[in-house]
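Computed over heavy atoms, backbone and side chain alike; hydrogens, waters and symmetry mates excluded. Lettering follows sequence order; numbering is per chain, from 1. Computed from a predicted structure; not experimentally measured.
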Amino acid sequence: MKLNDKAAVANALKDLGLYLQIKGENSFKTRAYDIASERIAGLADDLGQLVAENRLTELEGVGASIAAKITELVNTGKLEALETLKHEYPITMLELLKVPNLGPKKAKVLFDLLGVGSIADLEAACKAHRVRDLKGFGAQTEEKLLAGVELARRTGTGRSLLADVLPRAEKLLEHVKQAPGVKRASLGGSVRRMRETVADVDIIASAAEVQPVFEHFVKHPDVREIIGAGDSKASVRLREGDLQVDLRVLPDEDFATALHHFTGSKAHHIKLRSLAIDQGLKLSEWGVHRGDQKQRVRDEAELYAMLGMQYVPPELREDWGEIEAAREGRLPPRLVEARDIVGNIHSHTTWSDGRASLLEMAQAAKAMGLKYYTVTEHSQTSSYAGGLSLDKMKAQWDEIDAVNEQLEGITLLKGIESDILEDGSLDYPDAVLEKLDVVIGSIHQRYSQDEDAMTRRVLNAMENPHFQIWGHPTGRLINRREAAPMRMEEILDKAAQKGVAIEINGCPERLDLKAEHVRLALQRGLKVVVSTDAHSVGELHQHLPLALATARKGWTTAADVLNTRSAKDFVESLRRG
DNA sequence: GCCGTTTTCGGCCCGACTGTTTTCAGTCG
């Protein structure tokens, strides 16, 4: 069996690393599997091709040994070393590591001495008080592990949608800014890096005195319990969703380096610190030191300048090549920002499955300062979503004309979100499509097609000269539905050849294309649209920042985005051939 | 296990917090 699935290969390597940790392997060895796993997960190239051409070891962090394991995985679908370990331990062994405060060392002791090989085993052992007498454990640890069992069960994957967390995090940040003596405060961690899912919230603040800030922080009504508190860090859990929030408070002179440290990512930092060492510097949350001499760092820009590289925006700090690019001056000078966006792309009204009228949506877009608004209802095959028949579409054109008459300062563009049918054809005759300003083509059903069929379906659609924007390309729903199987590189090559633009859809659970794929598209010279796919006025506001965040994370500049252009330029640049 | 313009062997990012200890190991980010 062939396994050309980056996520599956990355997971196998990660699991292998975890098993080796439990076995007590050298931590640098287990980390090597971790690094390789992340490298594969974020890989731009086609994995099958790298294997076929024997080029895996060209990847940083992949040597002969791991290359052989990846090759085995891709060619056979299995990994002997991992299968052996899976037989050595219960199948549920790795789930134990999801319990807070239980790492590989303690898990090994629990398994070796008590036979604990699952969360259920752990619960039973704790309740029978068999854990507290083990060396290195105690009554408090036993209680913590028992509480951790509850938490691990409740939180499932443990990662929430960015959109669910971001507003709550911003609210807490505002609260922290109000605390006595706070000079500067910012979000950090994966929320600041705009990861599509996040596990917790980090807030970093500067103040002369720490305790008053902590006391103010934990009084927020959203805080359910205090998990821990030291000299510089307080951790709490929120009432809703068990979300953990860590607050660090430091002297203002340490703010920049602390913010940088707690923004991460871990991989970005590990590489950056190695670079610092090469330059005789030591980098940590407590600052930059040359010998015993602490260097003054006022902000993050100064930190990167000190290391002789371009400033790296938080969204880019993933070790996806940004450090090398920053050293060589190849980072985009400025990523796209909210102020660059002048048109709303992709939206639904009560004509199909939206919840606001055309006029209401247009007025809201105008109030946001936008200059144009594309009307793109569902097409006739999506009857479940109120897709427009030909007659209805023509009737809507009259209303669009009327609203255009009525509203000053914003232009409505006539468009459609056409289904890409099973064979790749669009949902209306060419004679209708050619009358529209904007045609988005999206897949809405028959996700079960295999990779070949799905790839052919999209390639066929791109042959249609009226197909202008590929809408929510992979159809994934984060934490709910996998991306449709397709050969993304091949399709993006075709899109580049045909002049099809790619949507970056800002629905919280779509964020589709995702950032890694956005980079692939940009590398091929493709243009993107930053879109809301809004079904209500609220979603116009909520989705745009999420689409922008995804675009930025994919290294997008204003010049790459078509809806930074005037309505006239926008429509003209969509026209093909 | 990976890596290399002082090295093909001997390093590998760094520190806070906690609970267990009586100087430290494990976990976490």
Side-chain angles (χ1 to χ4, degrees), chain A residues 13 16-18 20-22 24-39 56-70 81 96-110 131-145 147-148 158 188-193 195 198-204 210 226-235 244-250 254 257-278 281-289 307 317 319 323:
Chain A
L13 292 175
L16 182 53
L18 288 173
L20 292 177
Q21 278 190 52
I22 292 174
E25 256 305 347
N26 171 337
S27 66
F28 297 109
K29 181 169 168 176
T30 63
R31 211 184 81 199
Y33 282 100
D34 243 16
I35 291 171
S37 166
E38 284 191 24
R39 189 67 59 201
L56 283 170
T57 52
E58 289 175 18
L59 299 173
E60 198 186 337
V62 177
S65 169
I66 290 183
K69 291 191 170 66
I70 294 171
L96 272 178
L97 300 181
K98 295 200 173 82
V99 175
N101 303 305
L102 181 57
K105 299 275 167 51
K106 283 200 165 79
K108 177 174 166 56
V109 172
L110 288 169
V131 172
R132 58 179 62 194
D133 295 330
L134 299 174
K135 186 174 160 57
F137 292 72
Q140 281 188 83
T141 300
E142 190 177 84
E143 281 166 29
K144 272 199 165 183
L145 291 178
S190 48
V191 175
R192 185 169 180 237
R193 300 201 313 281
R195 291 294 296 224
V198 299
D200 62 10
V201 173
D202 294 279
I203 300 175
I204 298 89
V210 175
I226 300 170
I227 302 170
D231 292 339
S232 69
K233 171 184 164 181
S235 296
Q244 182 174 334
V245 182
D246 296 339
L247 170 66
R248 269 96 179 176
V249 182
L250 318 97
D254 294 324
T257 45
L259 174 61
H260 182 259
H261 176 83
F262 292 112
T263 295
S265 70
K266 190 171 147 190
H268 180 86
H269 277 234
I270 288 174
K271 190 171 274 184
L272 214 54
R273 285 175 181 173
S274 290
L275 275 180
I277 290 171
D278 293 344
L281 294 166
K282 191 180 80 166
L283 202 58
S284 83
E285 67 191 274
W286 291 112
V288 183
H289 288 82
L307 294 167
R317 300 177 196 166
D319 193 20
I323 290 178

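Between A/Arg192 and A/Thr263, the side chains place a donor N or O and an acceptor N or O closer than 3.5 Å (distance only, hydrogens not considered).
Within 4.0 Å (heavy atoms only), A/Ile35 reaches no atom of the nucleic acid at all. At the heavy-atom level, A/Asp231 lies under 4.0 Å from the strands shown only through sugar-phosphate atoms. Nucleic acid contact for A/Leu283: sugar-phosphate only, since backbone atoms but no base atoms lie under 4.0 Å from a heavy atom of the residue. Across all strands, A/Ala276 comes closer than 4.0 Å to no nucleic acid atom at all (heavy-atom distances). Residue contacts shown for A/Lys29 include a base, since a base heavy atom lies under 4.0 Å away. Within 4.0 Å of A/Lys266, counting heavy atoms only, lies at least one base atom of the nucleic acid. Looking at heavy-atom distances under 4.0 Å, A/Ala234 makes no contact with the nucleic acid at all.
Atoms NZ (A/Lys105) and P (B/dT18) sit 20 Å apart, rounded to a whole Å. What separates CD of A/Gln21 from C1' of B/dG26 is a distance of 12 Å, to the nearest Å. Between the C1' atom of B/dC28 and the NE2 atom of A/His269 lies a distance of 15 Å, rounded to the nearest Å. Rounded to a whole Å, the CZ atom of A/Arg193 is 12 Å from the P atom of B/dG29. Taking atom CG of A/Leu97 as the reference point, atom P of B/dC28 lies 9 Å away to the nearest angstrom.
Toward the 5′ end of DNA chain B lies the nearest nucleotide of A/Lys135, the other residue of the pair A/Lys135 and A/Gln244 mapping further downstream. Nearest-nucleotide positions on DNA chain B for A/Ala67 and A/Pro104 put A/Ala67 closer to the 5' end.
Straight-line distance between the C1' atoms of B/dT7 and B/dC12: roughly 13 Å, to the nearest whole Å. Of the P atoms belonging to B/dC9 and B/dC14, the separation is 25 Å, rounded to the nearest Å. On the P atoms, B/dG1 is 23 Å away from B/dT5, given to the nearest whole Å. B/dC2 and B/dT8 are spaced 12 Å apart, taking the C1' atom of each and rounding to whole Å.
Between A/Gln140 and B/dT20, a side-chain N or O to OP1/OP2 separation shorter than 4.0 Å is present. Distances shorter than 4.0 Å separate some side-chain N or O of A/Lys144 from OP1 or OP2 on B/dG19. A close approach under 4.0 Å does not occur between any side-chain nitrogen or oxygen of A/Arg273 and OP1 or OP2 of B/dC12. The side chain of A/Thr30 contributes no N or O atom lying less than 4.0 Å from OP1 or OP2 of B/dG1. For A/Ser232, no side-chain nitrogen or oxygen approaches OP1 or OP2 of B/dA16 to under 4.0 Å. For the pair A/Lys282 and B/dG15, the criterion of a side-chain N or O lying under 4.0 Å from OP1 or OP2 is met.
Picking from B/dC28, B/dC12, B/dC3 the nucleotide with the shortest atom distance to the side chain of A/Arg31 gives B/dC12. If you check B/dG15, B/dC13, B/dG1 against the side chain of A/Ser274, the one that comes closest is B/dC13. Listed nucleotides B/dC3, B/dT27, B/dT20 differ in distance to A/Thr141; the shortest reach to its side chain belongs to B/dT20. Side-chain proximity of A/Glu285 to the nucleotides B/dT27, B/dC13, B/dG15 is greatest for B/dG15.
You'll find the side chain of A/Leu110 reaches within 4.5 Å of the side chain of A/Leu102, heavy atoms only. Using a 4.5 Å heavy-atom cutoff, the side chains of A/Ser265 and A/Arg193 are in contact. Residues A/Lys233 and A/Asp246 meet the side-chain proximity criterion, which asks for heavy atoms closer than 4.5 Å.
Taking the six-membered ring for Trp and thresholds of 30 and 60 degrees, A/His269 and A/His260 have nearly parallel ring planes, at less than 30 degrees apart.
Between A/Lys271 and A/Glu60 there is a salt bridge, with a side-chain nitrogen of the basic residue lying less than 4.0 Å from a carboxylate oxygen of the acidic one.
Look at B/dT7: its glycosidic torsion is within 90° of 0, and that puts it in the syn range.
Nucleotide B/dT8 has no partner under the Watson-Crick or G-U criteria, as no pair reaches both atom distances under 3.5 Å.
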